[in-house]
Novice: 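Okay, here's the structure, questions in a sec.
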Amino acid sequence: TVENRQDFKVADLSLAEFGRKEITLAEHEMPGLMAIRKEYAQAQPLAGARVTGSLHMTVQTAVLIETLVALGAQVRWASCNIFSTQDHAAAAIAVGPNGTVDNPQGVPVFAWKGETLEEYWWCTEQALTWPDSPTGGPNMILDDGGDATLLVHKGVEYEKDGKVPSPDTAESDEHRVILELLTRTITDGSQKWTQLASEIRGVTEETTTGVHRLYEMQRDGVLLFPAINVNDAVTKSKFDNKYGCRHSLIDGINRATDVLIGGKTAVVFGYGDVGKGCAESLRGQGARVIVTEIDPICALQAAMDGYQVATLEDVVDKADIFITTTGNKDIIMAADMAKMKHQAIVGNIGHFDNEIDMAGLAKIPGIVKDEVKPQVHTWTFPDGKVIIVLSEGRLLNLGNATGHPSFVMSNSFADQTLAQIELFTKPDEYPTGVYVLPKHLDEKVARLHLDALGVKLTTLRPEQAEYIGVKVDGPFKPDHYRY
Ligand SMILES: NC(=O)c1ccc[n+]([C@@H]2O[C@H](COP(=O)([O-])OP(=O)(O)OC[C@H]3O[C@@H](n4cnc5c(N)ncnc54)[C@H](O)[C@@H]3O)[C@@H](O)[C@H]2O)c1
Ligand SMILES: Nc1ncnc2c1ncn2CC[C@H](O)C(=O)O
């Protein structure tokens with residue numbers, strides 16, 4: 001920590017005390033992560049690690065950050081979404097547990113709720129730029145969605161090419177912002193990004209969409225460093241994606257609209273881990289839930305879970321609430337929204353905002369966008385029909401609410417911390433490629449959460465263990481087992 005360092009940018013430092021109170025409450029609700037902090041504090045496995053984080057700057061993430069620091073890491077942080085930062089958590093991280101508003105001594109954090117796209121990518125650049133590092137960069141990345149990993153890879157690629165594509169070639173506003181940033185930072189011969197990337201030992205990726213990007217880079221042979229796919233730790237995707245969204249989807253809808261969900265018809269696009277949690281969440285409120293799917297297996301699961309499985313075309317003018325969860329793009333197009341009922345609610349809980357055709361909606365002649373309150377907009381069509389869009393198509397559980405609760409994020413962030421330790425301390429075991437956490441660590445994370453829920457495990461007897469071909473203490477399932 002540096003006295004009076006101003007190497008951070010947050011909305012309001014005076015929120016730090018409030019943030020610290022909620023961080024303290026969250027620590028009790030994050031037993032697995034805190035147990036790992038305690039177990040590894042002595043060994044300091046992350047001593048020497050310079051971790052750049054690009055992950056929603058929430059109260060729960062603050063506990064993750066302070067765990068990484070407790071294990072010896074230096075950290076610089078940005079959020080991975082323009083609406084997901086909780087400003088009091090960011091302030092508490094900037095001030096730090098031992099600092100004051102007048103003398104901040106925390107972690108360099110660059111995040112506030114309601115960033116513009118330019119500000120978002122500037123924050124990502126700050127989190128990646130380490131003033132005191134020999135390379136000018138991190139030696140570890142902790143990513144959610146892959147934006148930090150993307151910036152490094154594109155920077156290195158364009159330095160190798162000796163030029164950056166013109167921002168005029170951009171396919172979207174966001175792509176333009178990225179090209180402008182790289183044009184600004186790639187000056188003749190600087191090799192900033194190549195230097196910055198040169199000591200990165202790896203990235204640990206939080207979410208399905210970011211993992212998809214990693215496998216694409218691996219397939220294309222352009223991955224610069226190893227990656228651990230944290231999302232596919234069972235204790236991450238079968239918990240956070242499902243039970244986290246089961247909690248936070250309706251939290252977002254309720255805070256945004258206060259609409260009665262009971263009795264309404266809701267459409268959930270996608271029945272993967274997130275879709276399963278969302279469908280259950282809405283059914284729990286008494287909605288009639290319709291699922292759309294492309295995958296016959298997930299469609300069959302939805303049907304056997306009692307949901308109607310239909311196409312958007314069949315229900316677009318009948319349903320009241322539309323929630324995309326696919327990780328795919330162009331799920332709800334402007335022409336679809338034009339057919340919806342008056343005051344239909346449209347939202348996305350997938351990682352990126354490309355699931356809903358916001359650009360197409362804005363281009364409809366005569367359409368009028370009006371802000372009801374932050375992250376809640378009405379769009380009025382020329383015929384007077386209104387639809388309500390949440391968080392401008394970005395993930396609404398973090399845009400309109402506070403995301404998943406601490407206990408479920410304790411699982412995800414215990415996985416993240418173990419993955420950071422794996423990549424940082426065992427570089428020889430992880431040549432460039434994409435990996436999943438070994439099962440014994442996955443089971444360890446689950447085990448760390450049982451006491452808090454009053455779970456009493458049964459112990460295998462040796463002859464039973466032999467009979468099913470596992471060790472008494474696990475792992476209890478083969479790698480191909482689907483939970
Ligand atoms: N908001 C959050 O807190 C949060 C948490 C976890 C994951 N996520 C994100 O949510 C998204 C989904 O994650 P997941 O783990 O459920 O992924 P998943 O792959 O398990 O599920 C996505 C499902 O969507 C289906 N799908 C794809 N294209 C479709 C289409 N055109 N129409 C209908 N269905 C389609 C797929 O068949 C799949 O079953 C990802 O972007 C992930 O990063 C968000
Ligand atoms: N409370 C949260 N803190 C940080 N990230 C959160 C929170 N709730 C959902 N997320 C999104 C991360 C999630 O693991 C994902 O996969 O997108």
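Worth knowing before you read on, the calculation uses all heavy atoms, side chains too, and leaves out hydrogens, waters and symmetry mates. By convention here, the first residue in the shown sequence is residue 1. Numbering of ligands and ligand atoms starts at 1, following listing order.
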Novice: Measure the CG-CH2 distance between Leu181 and Trp121 for me, rounded to the nearest 0.5 Å.
Specialist: 8.5 Å

Novice: Can you figure out which of Lys238, Lys236, Glu293, Glu205 has its heavy atom closest to atom 25 (C) of ligand 1?
Specialist: Glu293

Novice: For ligand 1, which atoms have a heavy atom of His404 less than 4.0 angstrom away?
Specialist: 3 (O), 5 (C)

Novice: Look up atom CD in Gln343 and atom OG1 in Thr378, then write down how far apart they are to the nearest 0.5 Å.
Specialist: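 Those atoms lie 8.5 Å apart.
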
Novice: Give the atom numbers and elements of ligand 1 that come within less than 4.0 Å of a heavy atom of Gly272.
Specialist: 16 (O), 20 (O), 21 (O), 23 (C), 39 (O)

Novice: Check ligand 2 for N or O atoms under 3.5 Å from a protein N or O and list each pair with its distance.
Specialist:
from: ligand 2; atom 1: 1 (N); to: Gln60; atom 2: OE1; distance (Å): 2.9
from: ligand 2; atom 1: 1 (N); to: His404; atom 2: O; distance (Å): 2.9
from: ligand 2; atom 1: 3 (N); to: Thr58; atom 2: OG1; distance (Å): 2.7
from: ligand 2; atom 1: 8 (N); to: His404; atom 2: N; distance (Å): 2.7
from: ligand 2; atom 1: 14 (O); to: Glu206; atom 2: OE2; distance (Å): 2.6
from: ligand 2; atom 1: 14 (O); to: Lys236; atom 2: NZ; distance (Å): 3.2
from: ligand 2; atom 1: 14 (O); to: Asp240; atom 2: OD1; distance (Å): 3.4
from: ligand 2; atom 1: 14 (O); to: Asp240; atom 2: OD2; distance (Å): 2.5
from: ligand 2; atom 1: 16 (O); to: Thr207; atom 2: OG1; distance (Å): 2.5
from: ligand 2; atom 1: 16 (O); to: Lys236; atom 2: NZ; distance (Å): 2.6
from: ligand 2; atom 1: 17 (O); to: Thr207; atom 2: OG1; distance (Å): 3.2

Novice: What is the closest protein heavy atom to atom 19 (O) of ligand 1, and at what distance does it sit?
Specialist: Thr208 CG2, 4.2 Å

Novice: Carefully, step by step, assess Phe424 and Val51 under the rule side chain to side chain contact (heavy atoms under 4.5 Å, CB included).
Specialist: CA-CA 10 Å; Phe424 185 69; Val51 181; over 6 Å; no

Novice: Can a donor-acceptor pair be found between the side chains of His351 and Thr209 at a distance below 3.5 Å?
Specialist: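 No donor-acceptor contact under 3.5 Å links the two side chains.
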
Novice: Among Leu312, Thr324, Asn241, Thr292, whose heavy atom sits nearest atom 33 (C) of ligand 1?
Specialist: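 Comparing heavy atoms across Leu312, Thr324, Asn241, Thr292, the nearest one to atom 33 (C) of ligand 1 lies in Thr292.
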
Novice: Tell me yes or no: between the side chains of His56 and Thr61, is some donor less than 3.5 Å from an acceptor?
Specialist: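 There is no such pair between these side chains.
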
Novice: Would you compute the distance between atom CE of Met217 and atom CG of Leu150 and round it to the nearest 0.5 angstrom?
Specialist: 7.0 Å

Novice: Give yes or no for whether the N/O distance cutoff of 3.5 Å, strictly under, is met between Asn231 and ligand 1.
Specialist: no

Novice: If only side-chain N and O atoms count, and only distance matters, is there a donor-acceptor pair under 3.5 Å linking Asp143 with Thr149?
Specialist: yes

Novice: Indicate, as side chain, backbone, both or neither, the part of Ile349 found under 4.0 angstrom from ligand 1 when only non-hydrogen atoms are considered.
Specialist: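 For Ile349, backbone and side-chain atoms both sit under 4.0 Å from ligand 1.
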
Novice: Side chain or backbone, does Tyr271 bring an N or O within less than 3.5 Å of an N or O on ligand 1?
Specialist: no

Novice: To the nearest 0.5 Å, tell me how far Leu25 CG sits from Glu27 CD.
Specialist: 9.0 Å

Novice: Please work out, at 4.0 Å between heavy atoms, whether the side chain, the backbone, both, or neither of Asn397 comes within that distance of ligand 1.
Specialist: side chain

Novice: Can you find an N/O atom of Asp240 closer than 3.5 Å to an N/O atom of ligand 1?
Specialist: no

Novice: Does the N or O separation between Asp273 and ligand 1 drop below 3.5 Å for any pair?
Specialist: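 Yes; the residue has a nitrogen or oxygen that sits under 3.5 Å from a nitrogen or oxygen of the ligand.
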
Novice: State whether a side-chain donor-acceptor pair under 3.5 Å links Asn81 with Asp144.
Specialist: no

Novice: Could you identify the single nearest non-hydrogen protein atom to atom 32 (N) of ligand 1 and state the distance to 0.1 Å?
Specialist: Ile294 CG2, 3.7 Å

Novice: Just checking, is any N or O donor in the side chain of Glu355 or Thr326 under 3.5 Å from an acceptor N or O on the other one?
Specialist: yes

Novice: Does ligand 1 have an atom that lies less than 4.0 angstrom from a heavy atom of Cys298?
Specialist: yes

Novice: List every atom of ligand 1 that sits less than 4.0 Å from any heavy atom of Ile331, numbering the atoms from 1 in the order shown and giving each element.
Specialist: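 Ligand 1 atoms under the 4.0 Å threshold to Ile331: 30 (C), 31 (N).
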
Novice: Could you check Lys238, Lys236, Lys242 and say which one makes a salt bridge (charged side-chain N to carboxylate O under 4.0 Å, His left out) with Asp273?
Specialist: Lys238

Novice: Between Ser391 and Gln375, is there a side-chain donor-acceptor contact under 3.5 Å, judged purely by atom types and distance?
Specialist: no

Novice: Below 3.5 Å, N or O to N or O, backbone or side chain included: is there any such pair between Glu355 and ligand 1?
Specialist: no

Novice: Please determine if Val274 has a nitrogen or oxygen closer than 3.5 Å to a nitrogen or oxygen of ligand 1.
Specialist: yes

Novice: Looking only at non-hydrogen atoms, which of Val408, Ile332, Thr325 approaches atom 12 (C) of ligand 1 most closely?
Specialist: Thr325

Novice: Is it the case that Thr235 and Asp442 place a side-chain donor and acceptor less than 3.5 Å from each other?
Specialist: yes

Novice: Of all the non-hydrogen atoms in the protein, which one sits nearest to atom 22 (C) of ligand 1, and at what distance?
Specialist: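 I find the closest protein heavy atom is Thr326 O, 3.4 Å.
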
Novice: Got a sec, which pairs hit ring-ring contact (aromatic ring centres under 6.0 Å, His included) with one end in residues 432-453, sequence neighbours left out?
Specialist: Phe407-His449, Tyr430-Tyr435

